[in-house]
Protein chains: 2
Amino acid sequence: MSDELLRALDQAGVRLTGPRREIAALIARRNGHFTAADLIADANKRRLGVGRATIFRLLDLLAEQGLVERVDLPDGRHAYVPCEPSHHHHLVCVACGAIAEVEDCGIDAVTAEASRRSGFTIESHRLELFGRCPNCRSAN
Amino acid sequence: MSDELLRALDQAGVRLTGPRREIAALIARRNGHFTAADLIADANKRRLGVGRATIFRLLDLLAEQGLVERVDLPDGRHAYVPCEPSHHHHLVCVACGAIAEVEDCGIDAVTAEASRRSGFTIESHRLELFGRCPNCRSAN
DNA sequence: GAGGACTTGATACTGGGTCTCATTGTGTGC
DNA sequence: GCACACAATGAGACCCAGTATCAAGTCCTC
């Protein structure tokens, strides 16, 4: 999985440096969403010696390539989720942080309707869904 | 319009103090979205002498009452929009910042579909639409 | 290998937002 | 009306995420 990230970066013409490999591994071993602060804490715990700036820079790079996406949690914090580069939306489990991706599930009809009613031309949208994953739902 | 805000606050059992009236007036005279920084700048320009903290506190209060909502702009910044307390979504004009509200326009079908596919129970969602309002569209 | 461009870490900085606390102002009960 | 309890205030310190800068180090190509 960290291989996937690295391969994609390589294809994008980005250098595969030591710090980048290590951060990619950190991302790979997290499942679900994570914040930049999580990665920074992980890196410190493992004494990787990578700087904060490097982590933010890599996240930017990954976001540019669509390998990671920023989502806004319901509490207003920012998180990142590793994902496929195609357009899609995220389901975030509010209990455990697990992420599922859903592709086109009728949102175009919604934007078209909103556009018709308001007279706006819609250029982009952001949809985030929050709830409980199957595991967390059965856990209580 | 600032009267509306004040009336709603009054009904919610919060005190109608001088600073709150002044900030409500600032919000009322902005149309479309604004950031906390905008309000702070307005307050400084008019020498209102209200503190930053007071402005943030009032925004929190208004958000709690559903009179104002936080939206995340495409560039990642936070903005607030004055709005009705009912559930709805926002259309944000990326050119001039104008806001339109749209109520239920089929999003429930989307969340139901996403839930069916993923097995998640969906508790809440956030949908933001970005585009150009009729004025800005015809302006170029 | 050598070399130049890209990348890095340290550090300072910025901007949004929160916390604290002594002081002030509000609304209620009388 | 008035006094009083308590909510609200402003100032300023503080915190945190993210950015900018820059000298030093690393990678990849040739």
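A note on names: the letters A, B, ... follow the listed sequences, proteins ahead of strands, and every chain is numbered from 1.
Every side-chain hydrogen bond (donor to acceptor under 3.5 Å, both in side chains) that B:E123 has, sequence neighbours left out, goes to A:R132. Scored by the side-chain hydrogen bond (donor to acceptor under 3.5 Å, both in side chains) test, A:S124 finds no partners at all (sequence neighbours excluded). Not counting sequence neighbours, the partners of A:R126 by the salt bridge (charged side-chain N to carboxylate O under 4.0 Å, His left out) test are A:D72, B:E128. By the salt bridge (charged side-chain N to carboxylate O under 4.0 Å, His left out) test, A:R70 pairs with no residue at all, sequence neighbours left out.
Between atom CG of residue A:L48 and atom CD1 of residue A:I23 there is a gap of 8.0 Å, rounded to the nearest 0.5 Å.
Along DNA chain C, the stretch of nucleotides lying under 4.0 Å from any heavy atom of chain B spans, 5' to 3', C:dG16 to C:dG27.
Considering only heavy atoms from C-beta on, A:V92 stays 4.5 Å or farther from A:V81 through its side chain. No side-chain heavy atom of B:L127 sits under 4.5 Å from any side-chain heavy atom of B:V110.
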Please table the atom pairs, donor to acceptor, closer than 3.5 Å between any side-chain atom in residues 33-43 of chain A and protein atoms at least two apart or in another chain.
unit_1: A:T35; atom_1: OG1; unit_2: A:A37; atom_2: N; d: 3.4
unit_1: A:T35; atom_1: OG1; unit_2: A:D38; atom_2: N; d: 3.1
unit_1: A:T35; atom_1: OG1; unit_2: A:D38; atom_2: OD1; d: 3.4
unit_1: A:T35; atom_1: OG1; unit_2: A:D38; atom_2: OD2; d: 3.2
unit_1: A:D38; atom_1: OD2; unit_2: A:T35; atom_2: N; d: 2.9
unit_1: A:D42; atom_1: OD1; unit_2: A:R30; atom_2: NH2; d: 3.2
unit_1: A:D42; atom_1: OD2; unit_2: A:R30; atom_2: NE; d: 2.9
unit_1: A:D42; atom_1: OD2; unit_2: A:R30; atom_2: NH2; d: 3.2

Using distance only, find each side-chain donor-acceptor pair of residues 9-17 of chain B under 3.5 Å and give its atom names and separation, not counting sequence neighbours.
unit_1: B:T17; atom_1: OG1; unit_2: B:R20; atom_2: N; d: 3.4

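Across B:P82 and B:E101, no two heavy atoms sit closer than the pair O-OE2, 3.8 Å. Heavy atoms only, all atoms of each residue included: B:C93 and B:C133 are closest at SG-N, 3.4 Å. Across B:A24 and B:L5, no two heavy atoms sit closer than the pair O-CD1, 4.0 Å.
Among pairs with a residue in residues 52-62 of chain A, none fulfils side chain to side chain donor-acceptor pair (under 3.5 Å), at least two apart in sequence or across chains.
For the pair B:L58 CG and D:dA7 P, the computed distance is 17 Å after rounding to whole Å. Atom C1' of nucleotide D:dG10 and atom CZ of B:R20 are separated by 14 Å, given to the nearest angstrom. Atom CD1 of A:I40 and atom C1' of D:dT19 are 12 Å apart (whole Å).
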Write down the protein N/O and nucleotide N/O pairs, taken from nucleotides 26-30 of chain D, whose separation is under 3.5 Å; answer none if there are no such pairs.
unit_1: D:dC27; atom_1: O2; unit_2: A:R15; atom_2: NH1; d: 3.4
unit_1: D:dC28; atom_1: OP1; unit_2: A:L16; atom_2: N; d: 3.4

Extract from the structure each pairing of a protein N or O with an N or O of nucleotides 20-24 of chain D at less than 3.5 Å, listing the distance.
none

Taking only N/O atoms, report every protein-nucleotides 16-18 of chain D pair under 3.5 Å with atom names and distance.
unit_1: D:dG18; atom_1: OP1; unit_2: A:H78; atom_2: ND1; d: 3.3
unit_1: D:dG18; atom_1: N7; unit_2: A:R52; atom_2: NH2; d: 2.7
unit_1: D:dG18; atom_1: O6; unit_2: A:R52; atom_2: NH2; d: 2.7

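Comment: B:R7 does not engage B:E4 in a salt bridge, judged by the lack of any side-chain N to carboxylate O separation of less than 4.0 angstrom.
Across its full length, the helix from C:dG1-D:dC30 to C:dC30-D:dG1 shows an angle of 40° between the axes of its 5 terminal pairs at either end, rounded to 10 degrees.
At least one donor-acceptor pair closer than 3.5 Å links the side chain of A:R137 to the backbone N or O of B:G119.
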